[in-house]
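Take a look at the structure below.
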Amino acid sequence: NTDVSHPKTTPSTYIVHMAKSQMPASFEHHTHWYDSSLKSVSDSAEMLYTYTSAIHGFSTRLTPEQAASLSSQPGVLSVLPELKYELH
Amino acid sequence: TTRTPEFLGLGQTTETMPQSDSAGDVIIGVLDTGVWPESKSFDDTGFGPVPSSWNGTCESGTNFNSSNCNRKLIGARYFAKGYEATLGPIEESKESKSPRDDDGHGTHTATTAAGSFVPGASLLGYAPGTARGMAPRARIAAYKVCWVGGCFSSDILAAMDKAIDDNVNVLSMSLGGGNSDYFRDSVAMGAFSAMEKGILISCSAGNAGPSAYSLSNSAPWITTVGAGTLDRDFPAFVSLGNGKNFSGVSLYRDNSNSMPSALTPFIYAGNASNATSGNLCMMGTLSPQQVKGKIVMCDRGVNARVQKGAVVKAAGGLGMVLANTAANGEELVADAHLLPATSVGQRNSDVIKSYLFSDPNPTATILFEGTKVGVQPSPVVAAFSSRGPNSITADILKPDIVAPGVNILAGWSGAVGPTGLAIDARRVAFNIISGTSMSCPHVSGLAALLKGAHPEWSPAAIRSALMTTAYTAYKNGQKLQDVATGKPSTPFDHGAGHVDPISALNPGLVYDLTVDDYLNFLCALNYSASEISTLAKRSYTCDEKKRYSVRDLNYPSFAVNFEGRTTSTNVAKYTRTVTNVGPAGTYKATVTSDNPSVKITVEPNTLSFGQVNEKKAYTVTFSASGSAPVNANSFGRLEWSDGKHVVGSPIAMSWN
């Protein structure tokens, strides 16, 4: 299927929650660990934001397949799709 | 805002409020559409240096640079990476890629919370007075997270992340996104971390009322704010050719005398269109031949109210009568229409329609009466204000409180007219709009006032003070009304009641909460270790031997859920701990309930306090005998009083 809009191949934004306490000692900084986790499922994906105070984790663009794969990585607590909020 | 300070007992000036030096050290972070820094509401005259605790900055971007901040507007940031990743690059010719507010909403909420005094404020002459925020000495930091295409959770989280690091004291968030478990809701997750840092988070309850279960932002570490009316109105009457007059509201300013004083041909939009939904006055649906030179009656719904007026105007209409339908009932929301127009309630609109359909040559005119204050009863709960029960955690009563949210005047963006329509070339310094977006920053500002007066109080203590001193009856003793029903409102509509800031400054007792209390609450919800870790950013192990209960969360209200289909006695026990924040005294408990079949006992029913910060626990037992219809609700109230302070808690009882 070459349809580029096929949902399985279309990237969307996810918020990845990480268990910072589970960071392997081999990483000096949590952002390196986040990046390594991300690169394990996608060579090209980049972090939009890294979060340190509101949550532990980052946001990035992934395909649903990549998101599912990332959610099974060690230290990954959840991979949640971006939601749109509205003004009240 | 004009009027709301007086309506809330704050008076025209700060002299009526204690203004400690720390009042100027309180920082309110507003997550919204950005800020219009040239608004006079951000005048920093008389402000001291920026608080030393402040870590934030004033970011540059389109039409915005660091010099736009001052000692009042101390920070401004924008977050668009998530938005751009989904919708593509921001079109900088259409919206500023910077903290600048091209929409108006963010300037309105920020100035409502903490705007400086601006004499001579009005919208086109309506709602005149001195405008000010609820905490005029507090500082403001704007975090732009909402853009033309919406507000994305990745950007909202990034803004909350920065606001926490920047050291804001209050976070005001007039936005929401449906209803999901707390560990899936970005606002709830970010708010948990903010709460841990001592930041009070005030969020709008939503505008999905009057339907039940329509709340958003219902996490117990968030202060959830519903909306009520003021004692102010903007009457604009419809006068029909048959001599009858009908009341409505409008913010239209007739500078060009375009509204003929004589009776004008009048037509129902549904009869001036070939479209199936012609009655709604959607774009391109009205027939100019049938509309030209006439006043048109349009039904409310689907498209924006002000856009209906623009559609009528574009088709050659001279005026518009906007008719509420069953969805809105008698709630009237005033708008600064582009043509002479007024909004009427459902009952009036039904009578007007019967005239339109029966008279062969119907005529009408609209008479604008300006601003009227002293309207009673007020406040009434707005029909649009989202309602409980809480669909995520039924045992936590939400909303927490209501505050002014209907026809609120506050600062506005210079980039857009008062209707927000692209064709509206008018520019105003202040605008009048409605929503729980408007009530939320009222509470944010009042929370900042309390923080300034009591810097040592936790976010839970501040919320408790606001809730337990809120009122649920008018001065004549009648209960607060719900405009959606015309009947007394319930705790599912108004929470603890309408905010009363002067009483909140001196609440007597508070229901305090710590981070551990909230973690135990998550255990009571049977959250998994992973879910707790996602939400609370830590490994927290619930004790398998401990019996956790949501009922034990030290919340200043009670949501009691009974099993409906049972003949045995339902018993629900709640433990609470109150902390004395006033003088020594003895408090006695009084319980009122509208359901005599539920026995409510408080043990002990007397609490004596000898010193400040002394804590005392009590238990409330609710015993419901026999069965009750499923989905039945009853309501009550628990009050502790030492004769000077009244510490009230709403009670909502449901049979499920």
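Just so it is clear: chains get the letters A, B, ... in the order the sequence lines come, proteins before strands, and each one is counted from 1. We use all heavy atoms of the structure for the numbers below, so side chains are in, but hydrogens, waters and symmetry mates are not.
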**Report entry** Minimum-distance pair of heavy atoms, taken over all atoms of A:I55 and B:D161
**Finding:** N-OD1, 4.1 Å

Query raised in the report: Considering all heavy atoms of both residues, which atom of A:Y51 and which atom of B:A158 are nearest to each other, and what is their separation?
Result: CE2-N, 3.3 Å

Query raised in the report: Quick one: ring pair (Phe, Tyr, Trp, His ring centres under 6.0 Å) partners of A:Y34, sequence neighbours excluded?
Result: A:H30, A:F58

Query raised in the report: Hey, does A:H56 have a side-chain heavy atom less than 4.5 Å from the side chain of B:T534?
Result: no

By a 4.5 Å heavy-atom criterion (distance strictly below it), what part of [X] contacts chain A: side chain, backbone, both, or neither?
| X | value |
| --- | --- |
| B:S386 | neither |
| B:F192 | neither |
| B:L535 | neither |
| B:A80 | backbone |
| B:S539 | side chain |

Report task. Name, in order of residue number, those residues of residues 71-78 of chain A that have a heavy atom at a distance of less than 4.5 Å from a heavy atom in chain B; otherwise write 'none'. Result -> A:L77, A:S78

Taking every non-hydrogen pair under 4.5 Å, which of [options] racks up the most with chain A?
| options | answer |
| --- | --- |
| B:G435, B:A163, B:G206, B:S180 | B:G206 |
| B:S174, B:G176, B:A85 | B:G176 |
| B:A208, B:A536, B:S533, B:C203 | B:S533 |
| B:F384, B:F79, B:Y83 | B:F79 |
| B:D165, B:L157, B:I164, B:T109 | B:L157 |
| B:T33, B:V145, B:V187 | B:V187 |

Query raised in the report: If only atom types and distance count, is the side chain of B:K537 paired as donor or acceptor with the main-chain N or O of A:S53 below 3.5 Å?
Result: yes

Return the [atom1] to [atom2] distance between [X] and [Y], rounded to the nearest 0.5 Å.
| X | Y | atom1 | atom2 | result |
| --- | --- | --- | --- | --- |
| B:K81 | A:M47 | NZ | CE | 10.5 Å |
| A:H17 | B:M189 | NE2 | CE | 3.5 Å |
| A:T52 | B:K162 | OG1 | NZ | 7.5 Å |

**Report entry** Part of A:S59 within contact of chain B (heavy atom distance under 4.5 Å)
**Finding:** side chain

Query - Segment of A:S21 engaging chain B (4.5 angstrom heavy-atom cut-off) - result: side chain

Could you list the donor-acceptor pairs under 3.5 angstrom formed between side-chain atoms of residues 80-88 of chain A and any protein atom two or more places apart in sequence or on another chain?
residue, atom, partner, partner atom, Å
A:E82, OE1, B:S153, N, 3.2
A:E82, OE1, B:S153, OG, 3.2
A:E82, OE1, B:S154, N, 2.5
A:E82, OE1, B:S154, OG, 2.7
A:E82, OE2, B:S154, OG, 3.3
A:K84, NZ, B:G149, O, 3.0
A:Y85, OH, B:D185, OD1, 2.7
A:Y85, OH, B:S186, N, 3.2
A:H88, ND1, B:S204, OG, 2.6

Query raised in the report: B:N303: what forms a side chain to side chain donor-acceptor pair (under 3.5 Å) with it, not counting sequence neighbours?
Result: B:Q307, B:K308

